[in-house]
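Just so we're on the same page: letters track the sequence lines, and every chain starts at 1. The shown structure was predicted, so the numbers you read here are calculated from the model rather than taken from an experiment.
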2 protein chains.
Amino acid sequence: MSSQKILLAARSCFARDGYEGASLQKIAEEVGIKKPSIYAHYKGKEDLFLHVMTLVFSTVKRRIIDYFIQNHQAPLESRMKNFFDWMLQEYEMSDNARFLIRSGYYPPAGLYGQVMDILIPFLDGLRRALTRLLQREMLTGGVHCKDPKEASIAFLTVVEGAVVELVCGWPDRYQSRAAAVWPVYWKGINA
Amino acid sequence: MSSQKILLAARSCFARDGYEGASLQKIAEEVGIKKPSIYAHYKGKEDLFLHVMTLVFSTVKRRIIDYFIQNHQAPLESRMKNFFDWMLQEYEMSDNARFLIRSGYYPPAGLYGQVMDILIPFLDGLRRALTRLLQREMLTGGVHCKDPKEASIAFLTVVEGAVVELVCGWPDRYQSRAAAVWPVYWKGINA
DNA sequence: ATTCACCTTCCTAACGGTCGTTAGGTGAAA
DNA sequence: TTTCACCTAACGACCGTTAGGAAGGTGAAT
């Protein structure tokens, strides 16, 4: 199916060059077809971008949930600590994370509303899932914090604060930030 | 002087639309001149961008240092805590912070090296200044942390983690992140 | 004091190129 | 025979950039 190949090539280009920087020409080349052939599968650049976006968001959500489920036997502390390494891998290995962050931070001007309508529920869902996880772990003694909701917001904040170094293309600076901020965070939420 | 007006208009456009998204047409309109007149003052779009960049970086560095000097009589805790509010103001009031963050996260493809040659010393200088501040405060009991360098990296991380919400245009979410992450950070660095 | 050359600043016009997009046709599959 | 994926050709719009010239000011030479 070639509309799938277009979708993946577009994801790669949008992730690398951004919406304005990416061109249908380049996407078509990567697939091995001519530019106007894209219009047999998508209504235009905006339509293609929105299809990529829904694919990416559902994929990333699934992968994050899978990470926490797959390691459910490990103690919460190491699960959260290792999340930084997992995120690094995720960002460097696939276009999903790069696309999501770039389009989330700086969406194409004309699609601001439509991007945010997907991004906000995504982030809020992530935050709620993390809050529930912390609440569950409080019962079994995996963590001792007085406000799991605030702790989950803080966790997303420190993770994203480290991720911005990945955005600039410095995995070593990312790891240095992760190493510095993790002990502070863990000590900070455990009263 | 009209090359100054071009510089400021360019800063505003680059901050709002990014390098690829901004056009000399729009910049010229904002100044009130025709597009080719820009070439009487700058060699081209890249040259103009680099001039804006050096202006912005020196301005922002100066303003951050001024913030910490002006409030030097206040306890460190409130100086760092209030930095979040100061940053919010700074981001919303002027184009400087918006330009810096956008160009730092996603610099124009052809200028990656030149942007990073300015950005990296800027961030490292900031980190070193913060480390020295923490070291000084440790002597007077303003803070009790065992590793001021790690604490300063962690502070920049949590600040940037909150700032990414400003990038998306949500000051309320920024404040919620700041409110959640600050107590965690402060408790976390004070052993 | 006048002339002249020169420089800056802005203009109009136009360049070549790339962008997203559309029209219209071809060939194979259903 | 209709439908679908793909093509070539070309559209209009916009991009950054250049050429060439019209004003105005400056400073030195006549």
Asker: Between P on dC11(C) and OH on Tyr39(B), what's the gap in Å once rounded to a whole number?
Answerer: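 Atom-to-atom, Tyr39(B) to dC11(C), this comes out as 15 Å.
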Asker: Counting neighbours of NZ on Lys187(B) that are heavy atoms of other residues, nucleotides or ligands and sit closer than 6.0 Å, is the number greater than 12?
Answerer: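 More than 12 heavy atoms, drawn from other residues, nucleotides or ligands, come within 6.0 Å of this atom.
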Asker: Under 3.5 Å, is there a donor on one side chain and an acceptor on the other for Tyr105(B) and Glu160(B)?
Answerer: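 Yes, Glu160(B) and Tyr105(B) have a side-chain donor paired with an acceptor closer than 3.5 Å.
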Asker: Using OP1 and OP2 only, check whether a side-chain N or O of Ser2(B) sits under 4.0 Å from dC10(C).
Answerer: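 It does, given that an N or O in the side chain of Ser2(B) lies less than 4.0 Å from OP1 or OP2 of dC10(C).
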Asker: At 4.0 Å (heavy atoms only), tell me whether Ala22(B) reaches a base, stays on the sugar-phosphate, or touches nothing.
Answerer: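 Touches sugar-phosphate only.
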Asker: Given dT17(D), dC19(C), dT21(C), which nucleotide is nearest the side-chain atoms of Lys45(B)?
Answerer: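 Shortest atom-to-atom distance from the side chain points to dT17(D).
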Asker: Can you label the angle between the Trp182(B) ring and the Trp186(B) ring as parallel, tilted or perpendicular, going by 30° and 60°?
Answerer: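 The arrangement is parallel - the two ring planes meet at less than 30°.
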Asker: From C-beta outward on Ser23(B), which listed nucleotide comes closest to its side chain: dG20(C), dG16(D), dA9(D)?
Answerer: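 Nucleotide nearest to Ser23(B)'s side chain: dG16(D).
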Asker: Does Tyr19(B) have Lys45(B) sitting over its ring (NZ/CZ under 6.0 Å from centre, angle to axis within 45°)?
Answerer: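 Yes, a cation-pi geometry.
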Asker: Looking at dC6(D), I'd like to know if its phosphate oxygens (OP1 or OP2) sit under 4.0 Å from a side-chain N or O belonging to His41(A).
Answerer: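 Yes, because at least one side-chain N or O of His41(A) sits under 4.0 Å from OP1 or OP2 of dC6(D).
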Asker: Measure CD/Gln25(A) against P/dA9(D) and give the value in whole Å, please.
Answerer: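 The distance from CD of Gln25(A) to P of dA9(D) comes to 15 Å, rounded to the nearest Å.
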Asker: Please give, in whole Å, the distance from dT17(D) C1' to Asp47(B) CG?
Answerer: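 After rounding, the reported distance stands at 14 Å.
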Asker: Whole Å only: how far is the CG atom of Leu24(B) from the C1' atom of dG17(C)?
Answerer: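 Rounding to the nearest Å, CG of Leu24(B) and C1' of dG17(C) are 15 Å apart.
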Asker: If I take atom CD in residue Glu20(A) and atom P in nucleotide dC14(D), what distance separates them, rounded to the nearest angstrom?
Answerer: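 That distance rounds to 15 Å.
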Asker: Nearest to the side chain of Lys35(B), which nucleotide is it out of dC10(C), dC19(C), dT17(D)?
Answerer: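 When the side chain of Lys35(B) is considered, dT17(D) is the closest of dC10(C), dC19(C), dT17(D).
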Asker: Whole-Å distance between dC10(C) P and Ile6(B) CD1?
Answerer: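 Taking atom P of dC10(C) as the reference, CD1 of Ile6(B) is at 7 Å.
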Asker: For Ile33(A) and dT26(C), give me the distance from atom CD1 to atom P, rounded to whole Å.
Answerer: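 After rounding, the gap between these two atoms is 21 Å.
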Asker: Which one of Arg102(B), Lys26(B), Arg11(B) satisfies the side-chain contact (heavy atoms from CB on, under 4.5 Å) criterion with Arg16(B)?
Answerer: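 With Arg16(B) as partner, Arg102(B), Lys26(B), Arg11(B) yield a single side-chain contact (heavy atoms from CB on, under 4.5 Å), made by Lys26(B).
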Asker: Nearest whole Å is fine: how far is dG17(C) P from Lys26(A) NZ?
Answerer: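 Rounding to the nearest Å, NZ of Lys26(A) and P of dG17(C) are 20 Å apart.
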Asker: Can you tell me if the side-chain N/O atoms of Lys34(B) get under 4.0 Å from OP1 or OP2 in dC11(C)?
Answerer: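 No, because none of the side-chain N or O atoms of Lys34(B) sits under 4.0 Å from OP1 or OP2 of dC11(C).
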Asker: With a cut-off of less than 4.0 Å, is there a side-chain N or O of Ser37(B) near OP1 or OP2 of dC11(C)?
Answerer: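 Yes, Ser37(B) has a side-chain N/O under 4.0 Å of OP1/OP2 on dC11(C).
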